[in-house]
Protein chains: 2
Amino acid sequence: MSEGKIRNMEEFAAVSGLSRPTVSKYFHDPASVRPSTRARIEAALEKHDYRPNIFAMNQNRKLTKNVGIVVPYLADPFFAEIARNLEQRCIAAGYRPTLYSAHGDPALENDILDSLRSLKPAGVLLAPLGRVSDLRAIEKFCADVPTVLFDSMVDVAGLTFVGSDNPQFATLIVNYLCRTGEPPCFFEMKTPSNPNANKRRLGYIQAMERLGQTPHVIRAEGEGWNFEEIGRRGGARALAEGQVRTDTVLCSNDRLAIGFLTACYEAGLRVGHGDRCALRVAGQDDHPFSRYACPPLTTVAQDYEAISRLAVETLFRVIAGDAPAGQSTLFEGRLVMRDSA
Amino acid sequence: MSEGKIRNMEEFAAVSGLSRPTVSKYFHDPASVRPSTRARIEAALEKHDYRPNIFAMNQNRKLTKNVGIVVPYLADPFFAEIARNLEQRCIAAGYRPTLYSAHGDPALENDILDSLRSLKPAGVLLAPLGRVSDLRAIEKFCADVPTVLFDSMVDVAGLTFVGSDNPQFATLIVNYLCRTGEPPCFFEMKTPSNPNANKRRLGYIQAMERLGQTPHVIRAEGEGWNFEEIGRRGGARALAEGQVRTDTVLCSNDRLAIGFLTACYEAGLRVGHGDRCALRVAGQDDHPFSRYACPPLTTVAQDYEAISRLAVETLFRVIAGDAPAGQSTLFEGRLVMRDSA
DNA sequence: TCAAAAACTTTTCGCGCGTAAAAATAAATT
DNA sequence: AATTTATTTTTACGCGCGAAAAGTTTTTGA
């Protein structure tokens, strides 16, 4: 690149031999100018590496190219993974994603929505905290800003949602477990932070009843997002108190299951579907680390790809204005058979 | 809050009975105005919930309140956890952190630094990718923007760094392992993405030699950030080919160790320090999930708290101008004894 | 009580860009 | 070649705020 530092769009327009409004138009949408003009701008861009001031741009634009991605807890690899996916799709579409984590705190979730407003985002991809979310705040936010919810469906009508068909998850794995061994009991958190948990429990109960089995639910104490620890403690207690009256345990999610596996290890119980094993354990989600649990965890995989793809596509359609807002799309889970069950 | 919508600082200054520059000064630093004035502004703030336009603010401020946090791979819970920690400390200090992940891609790392520049951040907390980073780009960036590096020290003089004393990590765990059983071999990636790995290997070799033992390094093939899979494959191969000639394996990091544990499970080897165990396995980092491995992983804990605290403190001192730039601070590791070794 | 210091107000300017309307130019069509 | 249509230029204004300078009020301290 040449030397003479370009200070603003005026100077850049000068060196490319065009007027500032034309250059401005180019940056707004490169396809909106004549190809020959575009070529001249891009040639000048090569030589001078000018970039429009992002603050001045966003100050006057009615619609920015900002996209907010909000997850409830980023230290959960599930959300880290799906956030990564969403982020890259937004970048590919020419948007500027910004990632936020509520860190499990509803007050922080509200703060994020607040500061997101002032960023005038074109749209927001939001996975709410769930049970503890401030539903009215979310509803109000969605009314103001084009938003697609994912992962966790909150109980507010008229919102656009992309996620998994949780009852189907439970049905799928219950059928598999019953087909290959004893019917499972269900292990979950007493106060799950996520409404998906309730749907999974109901799915489990219905699936069991359809098969003529008696459902049995075990509930672990504990608040917060340290699911492994809750699973370990609750699992240890359930095992010690004899609450587990079958040799098969279906956990509400993989992180809980990983904690339960630790409890089994500590209790000296061998987990798996072999002859010498005392217990079968299954999870739900196909968490990134489930494959490396010992034994590797049998689970129902969420379709990360499909969810993130559709969430982003839907958001851009809502932004463009050609989408029927308020639709829900649910993806089915896929059975992932490993050693644990 | 009352109705009359406040459109800008002018109007807000009017309703609070002050002049705009005074209000502007308040938002820049609430303590810079007289307490009585501050009270009036905050009273008006209660009633009208006005917030300054963030774009207009940052456009003219020489120094914004933005802080960039850049990590190499956010789907690694280690980075997710430390990012969370850093983020909350920045917020507490009145800054606006923005989180970025390079997703293991050096090109993306450069893009992030580029777009970070245009955000005029007050400072940046940067954990570089390491080996594959564009060192010249990082050096140039650090010269332009107050930056504190953490986790991974790149080989550029004069940069401020906060991290762990990696040789000490290796020494600590080698001494422990030798004291309680056979001397360990060292299991690492052939082409580690992170320079810490090299320091840990050297630390291992020196610690072994000091104890009069012969070091033995096993190296797993594989690129990228899927450390568990690399550890599993490499571990399976090392076990199958008889490369592991001692009953104790020290892994370069916990994620690799978790993969190695999976390889052991698949090979039917019982891991732990009991009589009936075939192998002891140890890691380094105290990864959030190591406690829930089966068996729970013995490891050396990084001092997340201390690192993130000092990194943020140092950054703010650099920003304030009263810090000797170019200093490195290394924290010692703490031995965490669990069942695996 | 009075002068000095501190805090505040007013005035004025500018940042870098979006946007709109009218005028000028170029390209496409007949 | 004349007309229509698409682009670009010109001109002008505004966004919401930061910053500096000069004047005014309030507080401080001896």
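In the text below, chain A, chain B and the rest are named by the order of the sequence lines, each starting its count at 1. Small disclaimer: the values here were computed from a predicted structure and weren't measured.
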Chemist: Provide, to the nearest angstrom, the distance between the CZ atom belonging to B:R7 and the P atom belonging to D:dG16.
Modeler: 8 Å
Chemist: Nearest whole Å is fine: how far is D:dG18 C1' from A:F55 CZ?
Modeler: 14 Å
Chemist: Taking the side chain as everything from C-beta on, heavy atoms only, tell me whether A:T37 gets closer than 4.5 Å to A:Y26.
Modeler: no
Chemist: Over how many whole Å does the gap from A:M9 atom CE to C:dC17 atom C1' extend?
Modeler: 6 Å
Chemist: Could you say whether A:Y50 or B:K25 is positioned toward the 5' end of DNA chain C, judged by the nucleotide with the nearest heavy atom to each?
Modeler: B:K25
Chemist: Whole angstroms only, please: what is the CZ-C1' distance between A:R38 and D:dA6?
Modeler: 17 Å
Chemist: Specify the separation, in whole Å, of atom CD of A:E10 and atom C1' of C:dG18.
Modeler: 13 Å
Chemist: If you measure from the Lys or Arg side-chain nitrogens to the Asp or Glu carboxylate oxygens, is any gap between A:R136 and A:E139 under 4.0 Å?
Modeler: no
Chemist: Tell me: CG of B:D29 to P of D:dA19, nearest whole Å?
Modeler: 13 Å
Chemist: What is the nucleic acid contact for A:Y26, judged by heavy atoms within less than 4.0 Å: base, sugar-phosphate only, or nothing?
Modeler: nothing
Chemist: Judged by each residue's nearest nucleotide on DNA chain C, which is more toward the 5′ side, B:S19 or A:N8?
Modeler: B:S19
Chemist: With side-chain contact (heavy atoms from CB on, under 4.5 Å) as the test, would you mind laying out the steps for B:C142 and B:I138 before giving the verdict?
Modeler: CA-CA 6 Å; B:C142 294; B:I138 289 178; 4.0 Å; yes
Chemist: Please indicate whether B:D29 has more than 12 foreign heavy atoms, meaning atoms of other residues, nucleotides or ligands, lying under 6.0 Å from its CG.
Modeler: yes
Chemist: Would you please confirm or rule out a distance under 4.0 Å between OP1 or OP2 of C:dC8 and any side-chain N or O of B:T37?
Modeler: yes
Chemist: Given atom CG of B:L18 and atom P of C:dT11, what is their separation to the nearest angstrom?
Modeler: 15 Å
Chemist: What are the atom names and distances for every N/O pair under 3.5 Å that joins the protein to nucleotides 12-15 of chain D?
Modeler:
| unit_1 | atom_1 | unit_2 | atom_2 | d |
| --- | --- | --- | --- | --- |
| D:dG14 | N2 | A:N60 | ND2 | 3.0 |
| D:dC15 | O2 | A:N60 | OD1 | 2.8 |
| D:dC15 | O2 | A:N60 | ND2 | 3.1 |

Chemist: Taking only the side-chain nitrogens and oxygens of A:R34, find out if one of them lies under 4.0 Å from OP1 or OP2 of D:dT7.
Modeler: no
Chemist: Angle class for the B:Y304/B:F78 ring planes (parallel below 30°, perpendicular above 60°, tilted otherwise)?
Modeler: perpendicular
Chemist: Taking only side-chain nitrogens and oxygens of B:S24, does any of them come within less than 4.0 Å of OP1 or OP2 of D:dC17?
Modeler: no
Chemist: Over 60° means perpendicular and under 30° means parallel, so classify the ring planes of B:Y73 and B:H103, tilted if in between.
Modeler: perpendicular
Chemist: What is the separation between atom NZ on B:K65 and atom P on D:dG18, rounded to the nearest whole Å?
Modeler: 13 Å
Chemist: Check the orientation of A:F12 and A:Y50. Use parallel for under 30°, tilted for 30 to 60°, and perpendicular for over 60°.
Modeler: parallel
